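Heavy atoms only: backbone and side chains are in, while hydrogens, waters and symmetry mates are out. Bear in mind the structure is a predicted one, so any value in this text is a computation, not a measurement.
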Amino acid sequence: MKRKLEEEDMEIVWQTPANPPHRLDYIFRNGRRHVRPYYFEFIAHVKNRWAGKTIVDLFTDEFKGRSHDYYVSAVKCGRIRVDGEMVPVSYIVKTSEKISHFLHRHEPPVLTSDVLILQKEPDVVTVCKPASIPVHPCGQYRKNTVVGILEAEHGLAPLFPVHRLDRLVSGLLILARSASKADFFRQQIEGGMIKKQYIARVAGEFPEQEQVVDANINHNAREQRSTAEVGACGDTTPIKGKTACTKFTRLSTNGVHSLVLCEPVTGRTHQIRVHLQHAGYPIANDLLYLSKHVHDRSASIPASDFCENLSTEHVDSNEDFSIDPMCTNCPDLVPKGYDVHEEALWLHCVRYSAPGWTYECPYPDWASLS
């Protein structure tokens, strides 16, 4: 049941980053974990390039997820403020002023898989991160993150992620329980002391002998995509991107797919995914990096094989949420622009180790090629 609120009688409780996630914040529906929409205050300080614009033009130009008309209404009713005060729509912003945007926040859903705690020590927690869940608050995600869910469902806070896993990647995630322990791990990472191991299910029959891919990774932040860059013979032009190296070892194959152990020597954005593509054996369900030839070859695989086993055991009998009359996402629970068909990537972190410690994570179901 969804209930519409009139603007004049709304009793709004604004949340800030200081408000912790709670177990009742989540709604489980159709194999997805949703977050009950909530009111939130976004705060920013006016950058030099913003100064001189009207408050409405600033938001229209810089935050394109909503229309000009919405921002006019938000300024008029006080949902957008400058230094805590209401301003006219013609107000010209100045450098370093604090701008606040109060809105009805809808987070994208994630797969319902629980965040399984593997080990809980006085200064370290390790978990099996499900695919599709970000590690920490970023972009549209705040409560639907590993850190948020662990705080809401297990009371674990504060937590300091030692390393990152891309949102669509699953597997071992190490979280320090203190800043000093996080710094200990950071020094080991920077010192090249940590060995990282992943498994990937790739298209094709991967070679039996170990493969080493030594190719720069050039990441395009705007397109959210990376490319492998290598120099041509005799070409003295500097190679784009950052140096990157990954070792690959075949664990098994069924002739159509292969399970490959991936050991990144460096840690670049999408490194394993791009190096596997560069080697000619992309991850078999990685739509971002599959070539057309391989994609067509994989199209004969049943669609169910591309999906993680989804848990549907969660039941929430109180699934109502309030519809905000100004919200651009209401009455839908899912925010506009979200890809409802997004699935888990066949890339999984299985082990991190360094002198004196080793942490491991079980293999996922898709690792069986039988």
Side-chain angles (χ1 to χ4, degrees), residues 129 131-135 138-139 161 163-173 189 192 194-207 209-233 235 237-251 253 256-299 301 306 308 339 342-352 364 366-367:
K129 181 186 104 59
S132 87
I133 304 180
V135 171
C138 58
H163 59 104
R164 73 179 186 87
L165 295 178
D166 287 343
R167 190 171 60 79
L168 296 180
V169 177
S170 59
L172 176 69
L173 180 66
I189 292 173
I194 293 183
K195 182 178 182 180
K196 302 166 282 187
Q197 294 181 309
Y198 294 72
I199 55 168
R201 181 167 171 169
V202 306
E205 189 168 344
F206 199 85
Q209 65 274 25
E210 179 184 88
Q211 304 289 303
V212 177
V213 175
D214 197 346
N216 283 17
I217 297 293
N218 187 27
H219 182 63
N220 186 320
R222 182 178 295 274
E223 296 182 5
Q224 291 297 297
R225 181 185 175 92
S226 296
T227 54
E229 305 285 347
V230 293
C233 183
D235 188 356
T237 305
I239 303 173
K240 296 180 181 178
K242 298 179 179 179
T243 57
C245 179
T246 314
K247 300 176 185 176
F248 297 107
T249 306
R250 190 178 86 185
L251 300 177
T253 185
V256 177
H257 289 164
S258 300
L259 189 67
V260 177
L261 176 67
C262 315
E263 299 177 280
V265 178
T266 51
R268 310 302 185 196
T269 302
H270 295 185
Q271 175 175 318
I272 294 174
R273 299 166 68 180
V274 174
H275 276 180
L276 282 169
Q277 179 202 44
H278 182 72
Y281 302 91
I283 295 172
N285 71 342
D286 190 351
L287 300 183
L288 184 62
Y289 292 110
L290 275 170
S291 66
K292 185 179 187 303
H293 169 72
V294 175
H295 184 266
D296 289 344
R297 182 174 60 185
S298 299
I301 303 166
F306 284 83
E308 195 77 3
D339 180 6
E342 178 180 81
E343 299 295 349
L345 188 68
W346 285 343
L347 178 61
H348 184 85
C349 181
V350 293
R351 184 179 298 106
Y352 262 57
W366 53 255

Who pairs with F206 by ring pair (Phe, Tyr, Trp, His ring centres under 6.0 Å), at least two apart in sequence or on another chain?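 Result, ring pair (Phe, Tyr, Trp, His ring centres under 6.0 Å) vs F206: Y281.
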For [X] and [Y], which heavy atoms make the closest approach, and how far apart are they?
{"X": "H257", "Y": "A284", "value": "NE2-CB, 3.4 Å"}
{"X": "T266", "Y": "A244", "value": "OG1-CA, 3.1 Å"}
{"X": "I272", "Y": "C262", "value": "CG2-SG, 3.8 Å"}
{"X": "V274", "Y": "A228", "value": "CG1-N, 3.3 Å"}
{"X": "H163", "Y": "L172", "value": "CE1-O, 3.2 Å"}
{"X": "A131", "Y": "S170", "value": "N-CB, 3.7 Å"}

4.5 Å side-chain heavy-atom contact, [X] and [Y]:
{"X": "W366", "Y": "I199", "result": "yes"}
{"X": "E205", "Y": "R250", "result": "yes"}
{"X": "H278", "Y": "V230", "result": "yes"}
{"X": "Y289", "Y": "I283", "result": "no"}
{"X": "N220", "Y": "N218", "result": "no"}

Given side-chain contact (heavy atoms from CB on, under 4.5 Å), test L165 with Y198 step by step and report yes or no. CA-CA 11 Å; L165 295 178; Y198 294 72; 3.5 Å; yes
Residues T246 and H275: side-chain donor-acceptor under 3.5 angstrom: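 Their side chains do contain a donor-acceptor pair, which is all the 3.5 Å distance test asks for.
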[X] side chain to [Y] backbone, donor-acceptor under 3.5 Å:
{"X": "T249", "Y": "E210", "value": "no"}
{"X": "S258", "Y": "G204", "value": "yes"}
{"X": "K129", "Y": "V169", "value": "yes"}
{"X": "Q271", "Y": "C245", "value": "yes"}
{"X": "N216", "Y": "E229", "value": "no"}
{"X": "R225", "Y": "L288", "value": "yes"}

Can you measure from [atom1] ([X]) to [atom2] ([Y]) and round to the nearest 0.5 angstrom?
{"X": "R164", "Y": "L173", "atom1": "CZ", "atom2": "CG", "answer": "12.0 Å"}
{"X": "Q224", "Y": "D166", "atom1": "CD", "atom2": "CG", "answer": "9.5 Å"}
{"X": "T227", "Y": "H219", "atom1": "OG1", "atom2": "NE2", "answer": "10.0 Å"}
{"X": "H348", "Y": "L259", "atom1": "NE2", "atom2": "CG", "answer": "10.5 Å"}

Considering only residues two or more places apart or on different chains, which pairs with a residue in residues 257-283 satisfy salt bridge (charged side-chain N to carboxylate O under 4.0 Å, His left out)?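 Residue pairs with at least one partner in residues 257-283: K195-E263, R273-D286.
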Salt bridge (charged side-chain N to carboxylate O under 4.0 Å, His left out): pairs with one or both residues in residues 211-222, sequence neighbours excluded: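 Residue pairs passing salt bridge (charged side-chain N to carboxylate O under 4.0 Å, His left out), neighbours aside: none found.
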Quick one: do I217 and K242 satisfy side-chain contact (heavy atoms from CB on, under 4.5 Å)? Show the steps, please. CA-CA 5 Å; I217 297 293; K242 298 179 179 179; 5.6 Å; no
Look at atom CD of E223 and say whether more than 12 heavy atoms of other residues, nucleotides or ligands are closer to it than 6.0 Å.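 Open: at most 12 neighbouring heavy atoms sit under 6.0 Å from CD of E223.
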